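Report on the structure given below.
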Amino acid sequence: MSIRARIDALFPRLASEQQFPTQGQTIFVDLERQEVRRAWIPHRVVTQLLGGRGVNMFLLHNLLDEALEPIHPEVPLIFGTGILTSMVPSASRGNVTSWSPESRVLMDSNAGDYFPSFMKLNGIDHLVLYGKAPKWTLLHFEGDQPKFVDAAPFMGLDNIDLRAKIANDFSGVEGKDYGLAAITTAGENLVLCSGIMAGPKAIYARGGPGAKMGALNLKAVLIQGRSADLSTARPHKLRNRDVAVKLLNTSVVKNALKKRGTPFLYKPSRMLGAMGTKNNQETTWTDKLDAENIDPYRPGMEGCFACPVNCRPLNDMSVLGESGVGSRESETPAVDHVAATPDTRQPTPIPDKYVKGDGPEYVTLGKFGPNVGITEVTQVLRLNNICNDLGLDTASTGSAISWAMELYQRGMITREQTQIDLEWGNYETIERLLFMTAKREGFGDVIADSSQAVATGKYPRESLDYLMAVKGLTQSDPHDARILKAFALGLAVATRGMDHLRNRVTLEINAKINDSPDFKAELYGGPVSAEPNSYEGKETAVRRCENIYAVGDSVGMCRFTTKLFNSPSLPGYEEFADQVANVTGIELTNEAIDHIGLNVMGVERLINAKLGITRADDTLPKRWFEEAIGVGPYKGEKIDRGEFDKMLSRFYAISNLTEEGVPKPEWREELEGVLTA
Amino acid sequence: MLQTESRVTVRLPEPLREGRGDVITMNATSLGDIIAELDLADDRDELFNFAVNGDLVLHGEKDVALKYGDEVEIVVAFAGG
């Protein structure tokens, strides 16, 4: 059945008018025919899946034709904004959902900055994009009215130049006047590790959204204005003040996020002997990359739309007269891939546009530090800035490069094949490779295939033994999870693949909570072992985290400020339920909202089942079962296959899943009632 | 005698310095002594973990025994993105 027929079949089941105050439309845009249809998500779906990620799953489940290929233009790309996005402090997020061309399972990626908020501010809750535009297009919404603009003037531009040109051509300031989701040259070239930039740094990163958008010939979606009537069902601003006070008073915000951002975690990870190093062959690395060593390069912090936290560190290497090009490069001829690269043959490098930027997050620090053998802060900063400009997911791109480096180290690929030196820590190669990847040039074409490089015939099959991925998605977090068993389980069962942001039990490393068994049991809804490397009860903690994070994504709350992600004290169900009631008039108990989190996971598993995912895919990289951690207080630790399998079965049991990892028949029937009734 | 035998070095993260500087020495025979001395008990929201001689402690921290010359570091520990 074609996408248009599927939408025809779906429409009678959608609502023809707004269902609650502040609800935005769901807009279906046929890019090929330049046709637009509008509807509202029915109340009964909202009470089961809320909005954002949850409702995106409702739409994908109805519109996905698994007989196609993920990149096919009739597989829709769905943007969704949380039900509270832009209306509650730190709720600035939205998701983009499809069938991932990178992993070939569910694609669902979350971003902040400004785009999701401008969807909501203009009465657009979901945007369903399909069909290949006859020519490259910029979809320009003024309010909720789209225009199909010829994108030719913007083609070939990466994030920095594109955003500058949009600001100039459309006379506005991003974040104040408009929100922009756009792809770079990497997306134009269908690079599988490319994302959709939702701001200067925020990226819908995981699963290849950039390639998916590029396959639609869609360069950008620009939403301009603040046209929606967002009058709430009841006053909500007083409760917003409580939410803001609560989140600003938590230790993670006060002492870490507001000061240095997420790079703080590098140090504890390396001290634990759990810092993914050289494609996880090793697990500790230099203290030169500790967060305090980034301090001299951090001129300030930035934040997403109306978020009081401001957790994003900026960087500027020009303050110390540095460009981020390391000492090794200063001894070699300048790289020749881009004219703007500093001429390092001169004694003092000329700063270029990569001398400053936004970030890095811990993920980037790990993936472009220890994971590829880099030791210099300035080199990591520069690679971070380049990735932001090129629209590359630092998790997937860093993982693809480290995978290649290990294959090179093992002689499974050779210099003859790569034409570049893939030795660990070779800064020049890594920088050059990023530009080659965005253009799919030379060996960059292999990196651009990310985890699919075996499927596309570029690596031998045995290379998969060294791919640090689950369900085709490489690991997001650079933390090696052989020690932390809840973390390991979470990575195995996450519906989009190996990603910590779906369910990581971050408090597993909090000694105070580990040493308070009653408090911990209350927090997770059952006993959980105090010992990080024990398998006991870990399924309970993963279940609770997976639920609340799915709810957070559905209301639009940032993960960093959602309860259980780093703190037991951040806003959670109570605040979400109160503000959903105040904003929309929909009353939900804490139990009901928790069940919504479970529902979201259940629908995602139904989608993955359609794509052929089974229990066998809820697993971990071979290395973690077979090779032990070699350093630190947990030296000798690895994942025991038998214990892991038992933990997985327990997880399925408490998640109302069958032994194959899909919703049990009764629950499945309930979910399908919501999805197809 | 006891004071000399139980002397340890403690490195403090910025939020805990409060005019104490970044390195202090104290008498402590367990991490529990340091927790008491620095008044760090029982706030479960706090993200401070101890590392003893470079090894991070993830549970049972109050009972971790210390000996003369041990280097204790208090680190801010949370998860990233």
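Numbers restart at 1 for each chain; the letters A, B, ... are given by sequence-line order, proteins then strands. These figures come from a predicted structure and were not determined experimentally.
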Taking A/Asp515 for the side chain and B/Glu61 for the main chain, is one N or O donor matched with an acceptor at less than 3.5 Å?
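Flag set: sc A/Asp515 to bb B/Glu61 pair under 3.5 Å.
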Which bit of [X] comes within less than 4.5 Å of chain B, counting heavy atoms only: side chain, backbone, both or neither?
X	value
A/Tyr266	neither
A/Asp290	neither
A/Arg260	side chain
A/Ser476	neither

Which bit of B/Val75 comes within less than 4.5 Å of chain A, counting heavy atoms only: side chain, backbone, both or neither?
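Just its side chain gets close to chain A.
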Tell me, for B/Phe50 versus chain A, whether the close heavy atoms (under 4.5 Å) come from the side chain, the backbone, both or neither.
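Answer is neither: B/Phe50 stays 4.5 Å or more from chain A.
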Members of residues 10-21 of chain B whose heavy atoms come closer than 4.5 Å to chain A
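Heavy-atom contacts from residues 10-21 of chain B to chain A are B/Glu14, B/Pro15.
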Taking all non-hydrogen atoms of both residues into account, name the closest pair between [X] and [Y] and its distance.
X	Y	result
B/Leu47	A/Asn510	CD2-ND2, 4.4 Å
A/Pro633	B/Asp55	CD-OD1, 3.4 Å
B/His59	A/Tyr634	CD2-OH, 4.0 Å

Check step by step if side chain to side chain contact (heavy atoms under 4.5 Å, CB included) holds for A/Leu484 and B/Leu58.
CA-CA 10 Å; A/Leu484 306 175; B/Leu58 297 187; 3.9 Å; yes
Are there more than 12 heavy atoms of other residues, nucleotides or ligands under 6.0 Å from atom [atom1] of [X]?
X	atom1	result
A/Glu522	CD	no
A/Glu536	CD	no
A/Lys520	NZ	yes

Residue among A/Ile509, A/Leu257, A/Leu365 with most heavy-atom pairs under 4.5 Å to chain B
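Among the listed options, the one with the most contacts to chain B is A/Ile509.
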Rounded to the nearest 0.5 Å, how far apart are CE of A/Met271 and CG of B/Asn49?
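Here the interatomic distance stands at 10.0 Å.
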What is the distance from atom CZ of A/Arg270 to atom CG of B/Leu56, rounded to the nearest 0.5 Å?
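That separation rounds to 10.0 Å.
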